[in-house]
2 protein chains.
Amino acid sequence: MHSQTEENYLKAIYKIAEKSGTKVSTNAIAERLQTKPASVTDMLKKLADKQLVDYEKYQGVVLTEKGKYIAVQIIRKHRLWEYFLVNILGFTWDSVHEIAEELEHINSTLLIDKLDAFLEYPQYDPHGDPIPNHKGEFSSRGAFTLATANLHQELLVTGVIDHSTEFLQYLNTIGLGLGTNIVINQFINFDKSLSVVINGKNGIFISHQVAKNLLVIEK
Amino acid sequence: MHSQTEENYLKAIYKIAEKSGTKVSTNAIAERLQTKPASVTDMLKKLADKQLVDYEKYQGVVLTEKGKYIAVQIIRKHRLWEYFLVNILGFTWDSVHEIAEELEHINSTLLIDKLDAFLEYPQYDPHGDPIPNHKGEFSSRGAFTLATANLHQELLVTGVIDHSTEFLQYLNTIGLGLGTNIVINQFINFDKSLSVVINGKNGIFISHQVAKNLLVIEK
DNA sequence: TTGTAAAATTCGTAATTTCTAATTCGCAAT
DNA sequence: ATTGCGAATTAGAAATTACGAATTTTACAA
């Protein structure tokens, strides 16, 4: 078994590598986990001893297959629990992250498989992130950010990149959530902001910063 | 917040005191938690500092009101999760204890209240133990053990005292579970064993040891 | 090629929790 | 009142995870 701390490191390394596509630096891990580089170095040595990461001093780390498998299982658990919290217990999408961070460390493959079955094998969590299946395979919808979408195309919101409570609550205030229909009416060159139609309601402005954090597909 | 270890100590002290009704000894805690008396002494000092127990060297401990409240909340969480695992996810009653031991340490009052509501405020867990409500109040059915029941009385099984997998699986093999009807046909003086009718099936023998661990009420 | 700033590591230390071994305490029997 | 034994405690040490300060390494600009 692995400690909760080890699991959090593996997940952090996975997430950073997912975004950057390269070896993961000590500082990047420290920042993500709100800890200090010295602590990260200590843990990387430990994970390397357990063959969960390939680690060379000063060169960054990469997850081994074993490490990647564990990371994906934790992500699976996190996202399934989020789905449960929102769709079964009635939590809002902006309030489930912290609880799922705790639940993801519960250790029982049987529990997760039964939860998955009870939820009828959902493919996406309440933020639109794909839920890996029991083999660790992810679905993909080929979504792109609103910032790269075309004018006048009918779009469907399928996910968010930023998961912070503040961002999600802002989306709530403008009536935007997963499944919302959206059309870009106007592109403002000056600040790259957008004027959009949300579920038929016209003239809503969305900043470039927000658009970059919204995932959509063509309808 | 309190560590998982602290919570386990509080729960252990509560359970031992519940049975004995007296101050709880260091050795009793050590045995229940599969640890050494020296470790227990260390932790008792810590819990005393936090005002969760009243502790005098060599005299044993008692939970304070604060400590008792926390212990009851952990028991509430444990039993609600057991109910969820059995009645929603389809686990068997003999396989949920270990998972619930992990889930009981998830820290969110909102989560537990929402889970309670989703489960429709169950009063008893899959082993017949009462689930404290959000105020910490327990229900009681006034059950007694099969070992103290009368001949020929129609009885209903409402709980078990021993929660071990072995005991529960044995009950499965003789077709006995919560809600089972049972009548004592014969009392064997030699070894205090019983001949009983279970759900209409005659001539099943039950040892005194088993009878002492079954809770029943009159029908 | 060299100098320097940023990144990463080492080292010593701290807090938690646990353990073993040695010691002390409380109480029952004499 | 003393003795002796089991229960409980203290002391010292290990494992885990984290941190600050000092040091080393890397990468890149001049």
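Side-chain atoms are counted along with the backbone in the values below, which use heavy atoms only and exclude waters and symmetry mates. Letters go in sequence order (proteins before strands), and every chain restarts at 1.
A salt bridge does not link B:Asp116 to B:Arg79: none of the charged side-chain nitrogens sits closer than 4.0 Å to a carboxylate oxygen.
Rounded to an integer number of Å, the gap from B:Glu56 CD to C:dC25 C1' is 14 Å. Taking atom NZ of B:Lys23 as the reference point, atom C1' of C:dG26 lies 13 Å away to the nearest angstrom. In this structure, A:Leu44 atom CG and D:dA18 atom C1' are separated by 14 Å, rounded to whole Å. Rounded to whole Å, atom P of C:dT16 lies 10 Å from atom CE of B:Met43. In this structure, the CD atom of B:Gln4 is 14 Å from the C1' atom of C:dT16, given to the nearest Å. We find that CG of A:Asp49 is positioned 14 Å from P of D:dA15, with the value rounded to whole Å. Protein atom NE2 of A:His2 is 13 Å distant from nucleotide atom P of D:dT16, rounded to whole Å.
Contact annotation for B:Thr26: backbone-only contact, meaning every heavy-atom pair under 4.0 Å involves sugar-phosphate atoms and none involves a base. Contact annotation for B:Thr5: backbone-only contact, meaning every heavy-atom pair under 4.0 Å involves sugar-phosphate atoms and none involves a base.
An OP1 or OP2 oxygen of D:dT10 is reached within less than 4.0 angstrom by no side-chain nitrogen or oxygen of B:Tyr58. Side-chain nitrogen and oxygen atoms of B:Lys45 include at least one within less than 4.0 Å of the OP1 or OP2 phosphate oxygen of D:dT10. Residue A:Thr35 places at least one side-chain N or O closer than 4.0 Å to OP1 or OP2 of D:dC19. Contact check, B:Tyr9 against C:dT18: a side-chain N or O comes under 4.0 Å of OP1 or OP2. For the OP1/OP2 pair of D:dA8 and a distance below 4.0 Å, the side-chain nitrogens and oxygens of B:Tyr55 include no atom meeting the criterion.
Among the candidates B:Leu168, B:Thr173, B:Asn172, the single residue satisfying the side chain to side chain contact (heavy atoms under 4.5 Å, CB included) test with B:Tyr170 is B:Thr173.
Considering only the side chain of A:Asn27, C:dA7 comes nearest among C:dA7, D:dA8, D:dA18. Checking D:dT10, C:dT18, C:dT10 against every side-chain atom of A:Lys57, the shortest atom distance belongs to C:dT10. Checked against D:dG20, D:dT10, C:dT18, the side chain of B:Ser39 finds its nearest nucleotide in C:dT18. Listed nucleotides C:dT20, D:dA18, D:dA8 differ in distance to B:Ala38; the shortest reach to its side chain belongs to C:dT20.
Not a single donor-acceptor pair under 3.5 Å links the side chain of A:Gln51 to the backbone N or O of A:Thr64. Of the possible donor and acceptor atoms, none in the side chain of A:Thr26 sits under 3.5 Å from a partner among the backbone N and O of A:Val40.
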Tell me, with the steps shown, if A:Lys23 and A:Glu56 meet salt bridge (charged side-chain N to carboxylate O under 4.0 Å, His left out). CA-CA 10 Å; A:Lys23 281 196 266 191; A:Glu56 269 185 288; 5.0 Å; no

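Side chain A:Asp42 to base C:dC11: no donor-acceptor pair is found below 3.5 Å.
Between B:Ser25 and A:Lys36, the residue anchored closer to the 5' end of DNA chain D is B:Ser25, taking for each the nucleotide with the nearest heavy atom.
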